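Following: one structure in C-alpha cells, then a few remarks.
The first residue in the sequence is number 1, and the count goes up from there. All figures in this text were calculated on a predicted structure; none of them were measured in a lab.
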Amino acid sequence: MRRPRGEPGPRAPRPTEGATCAGPESWSPSPNSMLRVLLSAQTSPARLSGLLLIPPVQPCCLGTSKWADRPLGGGPSAGPVQGLQRLLEQAKSPGELLRWLGQNPTKVRAHHYSVALRRLGQLLGSRPRPPPVEQATLQDLSQLIIRNCPSFDIHTIHVCLHLAVLLGFPSDGPLVCALEQERRLRLPPKPPPPLQPLLREARPEELTPHVMVLLAQHLARHRLREPQLLEAIAHFLVVQETQLSSKVVQKLVLPFGRLNYLPLEQQFMPCLERILAREAGVAPLATVNILMSLCQLRCLPFRALHFVFSPGFINYISGTPHALIVRRYLSLLDTAVELELPGYRGPRLPRRQQVPIFPQPLITDRARCKYSHKDIVAEGLRQLLGEEKYRQDLTVPPGYCTDFLLCVGSSGAVLPVRTQDPFLPYPPRSCLQGQAASSPTTRDPAQRVVLVLRERWHFCRDGRVLLGSRALRERHLGLMGYQLLPLPFEELESQRGLPQLKSYLRQKLQALGLRWGPEGG
C-alpha cells in the first residue's frame, strides 16, 4: 500500500545505551530523561545544576512497541497520533498547546501530555513567572493532566512528574501531588521512603556515566563554563576511576580542555595519569583525545607522551582508519612539547610522520563566516595598507592558520609581503641564528605581526575566557616569535561603518609603532 503523501514512514528505534525497553527517542525512565528535558528546554545553567538534585528513577519495560507510533495498550500505528505530536512540538504559545489537546480528544495519547509539558518549558524559557493569562493556561493544562493521569503508564507519570517540577509547579500543588499519588500506586511495596523523595541532595557519583557524558557534551557544545557542573564531572571521574574506560573518560574530559577550565579537584590529574597508564594500549584514539584536552590545559603527563611517541604506538595507529586524525593530533602534541616542555627528553614524533595541524580555518569559523568580521577587516586593511602589505588566511608552520599577517621592518615600516619570507623558522630552537630574517631586497630585519580576530564564538559563553583551542593557538604563535595583535569582538562590533573601522585599525597599528605610506595611510 502506498503511503499517503507527506506521511512519515516507519523508523527503526534508535538504541540507547543501557536501555531496557523501547520508547520515544527523547525520553527514558532514567536520569537521562531529566537531562534531556533540561537541555531541550534551553534552561539556564543554574537550573541545569538542578540535575544533580533529582534522584534516578527505576526503569520499567513498556514492551517493544514504539511509543509515539502506537496508542496505549498496543495497536496499529496511527498517523493522526503522530500528526498531533508534531502540532504540539511546533505550538507557538501555551494557549495553542491547550487548544490542540482539547480539540482532539480522540487523538490524544498519554505521552502527548509529556510532549506538551516539554514544549511548554521551551516556550516559557527562563522567564521566572508567566503573565496572568499564561498562569490561567497553566492551571487549565494542569487540570487536564490531573483528569487523565489515572490512565498514564508509569513511564509517562515519571516524565510528567520531572517536567512539572522543572517547570516550577509547586511540590505541594495539585498537579505534582496527583502525579506523585499515581506513581506510588504503581510501585511495588518497598521500605518506607523519605518524606521528600523528589528533591534530595544526590551526589554526582550516584548518576550514571551516560548521564555525566551527556552533561559534559552539553557544556562543551554550548560553551558553558559553569564551575559547579564542571567540578561535579571532575569529582565523578575521580570517584568512578576504576569503573570508567578511556572511551568514556575522553568524553568526560572534553569540556575541560574546550572551556579552558582546570578543576580544583586535586586528584583530577593523578586520576587521569593512572587511567592513561592503564588504558593507553587499549584505545589509542581515546588516549590521544584525552591528551589533546590536557594539552589545552597545559597539563601534559610525560609518561603518556613517552607512550604515544613510541615507535610501537605510531606503527600501530598507521594502519587504523583514524591514522590521519591521530597523526594530526600527535603533530600538535609534538609542537606543544617543542614549545612548552623544555624539560622533556623522551621520544618525539618523527619528522616524516608530521602533518599540518590546522591547514585551513576551523569548521566553526567556516560555518559562521557570514557573522565574521574578517571581510570588513580585510577591506579596511586593503584601503589602509594596500593589498601587497598583508596576507590573509596564511598557514604558518607547523600548521596554524593566521587571520592576517604583516611583515614589519626594524624601523616599524610595514613591508610588502612579496619581498619577505612570511614564515618564521620552525622549530625556533634550531634556528636561533636565523631568527632575524632579512628581506632579499631591503636587507631590513623583518618582524611578523599577526592580527588575531577574536570573534564572539571564540570565547566561552560568558564572553571572557577564550576557548582552549583558541588560547592554545595564540600561545603557540607567541612562543614561535609572532607578535599578536588581538581584535576583540566587542571593539569590532562597536565600529559603525568602514571609515570608523579604518580609524580603529590605524590606532591599533600605530600603537605598535608601525608606519606605512607617505602620509600614514
Strictly distance-based, threshold 3.5 Å: is any side-chain N or O of R183 a donor or acceptor partner for the main-chain N or O of I157? no

Show your working on side-chain contact (heavy atoms from CB on, under 4.5 Å) between V248 and Q243 and close with a plain yes or no. CA-CA 10 Å; V248 173; Q243 308 299 322; over 6 Å; no

Heavy-atom side-chain contact between I145 and L117 under 4.5 Å: yes

Return the CG to CZ distance between N260 and R223, rounded to the nearest 0.5 Å. 14.0 Å

With a 3.5 Å cut-off and no angle check, do the side chains of S318 and N315 form a donor-acceptor pair? no

Which value, rounded to the nearest 0.5 Å, describes the distance between L161 atom CG and L175 atom CG? 8.5 Å

Which heavy-atom pair separates R225 from C460 by the least distance, and what is that distance? CD-SG, 3.6 Å

Which pair of heavy atoms, one from C160 and one from F152, lies closest together, and at what distance? SG-CE2, 4.3 Å

Answer yes or no: is there a donor N or O on one side and an acceptor on the other, between the side chain of H112 and the main chain of L101, under 3.5 Å? no

Is there a donor-acceptor contact under 3.5 Å from the side chain of R119 to the main chain of A91? yes

Any chance you could lay out the side-chain contact (heavy atoms from CB on, under 4.5 Å) test for L84 and V108, step after step, and finish with the verdict? CA-CA 8 Å; L84 177 58; V108 177; 3.9 Å; yes

Indicate yes or no: at least one non-hydrogen side-chain atom of V452 is less than 4.5 angstrom from one of L487. no

Report the residues that fulfil ring-ring contact (aromatic ring centres under 6.0 Å, His included) with Y329, sequence neighbours left out, ordered by chain and then residue number. none

Determine whether C401 and D393 make a side-chain contact, defined as any pair of heavy atoms from C-beta on separated by less than 4.5 Å. yes

L332 and L472, any side-chain heavy atoms less than 4.5 Å apart: yes

Tell me if a side-chain donor or acceptor on R258 pairs with a main-chain N or O of A220 at a distance below 3.5 Å. yes

Could you walk me through whether K374 and C369 pass the side-chain contact (heavy atoms from CB on, under 4.5 Å) test, one step at a time? CA-CA 8 Å; K374 183 171 288 188; C369 60; over 6 Å; no

Could you go through residues 277-290 and list every donor-acceptor pair under 3.5 Å that involves a side-chain atom there, pairing it with any protein atom two or more places apart or in another chain?
unit_1	atom_1	unit_2	atom_2	d
R278	NH2	E241	O	3.4
R278	NH2	L244	O	3.0
T287	OG1	A280	O	3.3
T287	OG1	A283	O	3.0
N289	ND2	Q250	OE1	2.8
N289	ND2	L285	O	3.3

For E340 and H476, which heavy atoms make the closest approach, and how far apart are they? OE2-NE2, 2.6 Å

From Y113 OH over to N148 CG, what is the distance, rounded to the nearest 0.5 angstrom? 3.5 Å

State, to 0.1 Å, how close A164 and V176 come at their nearest heavy-atom pair, and which atoms those are. CB-CG2, 4.2 Å

Sequence neighbours excluded, the answer for side chain to side chain contact (heavy atoms under 4.5 Å, CB included) partners of F309 is L305, L330, L333, D334, V337, Y344, P347, L349

Would you confirm whether S310, through its side chain, and F307, through its main-chain N or O, come within 3.5 Å as a donor-acceptor pair? yes

Residue pairs passing the salt bridge (charged side-chain N to carboxylate O under 4.0 Å, His left out) test with at least one member in residues 157-167, sequence neighbours excluded, are none

Between R454 and P486 (side chain of the first, backbone of the second, donor and acceptor by atom type, cut-off under 3.5 Å), is there such a pair? no

Hits for salt bridge (charged side-chain N to carboxylate O under 4.0 Å, His left out) against R464, two or more places apart or cross-chain, chain-then-number order -> D462

Mind checking whether M212 and L237 have side chains closer than 4.5 Å, heavy atoms only? no

Using a 6.0 Å cut-off, check whether atom CZ of R327 has over 12 heavy atoms from anything other than its own residue. yes

Any side-chain heavy-atom pair of L291 and P301 under 4.5 Å: yes

With rounding to the nearest 0.5 Å, note down the distance linking CG in L453 to CG in L492. 6.5 Å

Distance check, rounded to the nearest 0.5 Å: L297 atom CG versus S293 atom OG? 7.0 Å

How close do V308 and I314 get, heavy atom to heavy atom, and via which atoms? O-CG1, 3.7 Å

For residues 86-109, which residue pairs pass the ring-ring contact (aromatic ring centres under 6.0 Å, His included) check, not counting sequence neighbours? none

Look only at the side chain of E182 and the backbone of A178, and say whether a donor-acceptor pair between them is shorter than 3.5 Å. no

Could you work out, with salt bridge (charged side-chain N to carboxylate O under 4.0 Å, His left out) as the rule, every residue matching E455, not counting sequence neighbours? none

Determine yes or no for a side-chain-to-main-chain donor-acceptor pair under 3.5 angstrom, with R328 supplying the side chain and V355 the backbone. no

Going by the side chain to side chain donor-acceptor pair (under 3.5 Å) test, which pairs reach into residues 261-271, not counting sequence neighbours? E231-Y261

Determine whether a donor-acceptor pair (N or O, by modelled atom type, separation under 3.5 Å) exists between the side chain of R473 and the backbone of Y400. no

Output for pair (I233 CD1, H235 NE2), nearest 0.5 Å, gives 12.5 Å

With sequence neighbours excluded, what pairs up with H373 under the ring-ring contact (aromatic ring centres under 6.0 Å, His included) test? none

Sequence neighbours excluded, the answer for ring-ring contact (aromatic ring centres under 6.0 Å, His included) partners of Y316 is none

ring-ring contact (aromatic ring centres under 6.0 Å, His included) with H322: which residues, sequence neighbours excluded? none

Taking 4.0 angstrom as the limit, do E474 and R470 come out as a salt bridge? no

With E96 via salt bridge (charged side-chain N to carboxylate O under 4.0 Å, His left out) - residues at least two apart: none

Report yes if some heavy atom in the side chain of W457 is under 4.5 Å from a heavy atom in the side chain of L467; otherwise report no. no

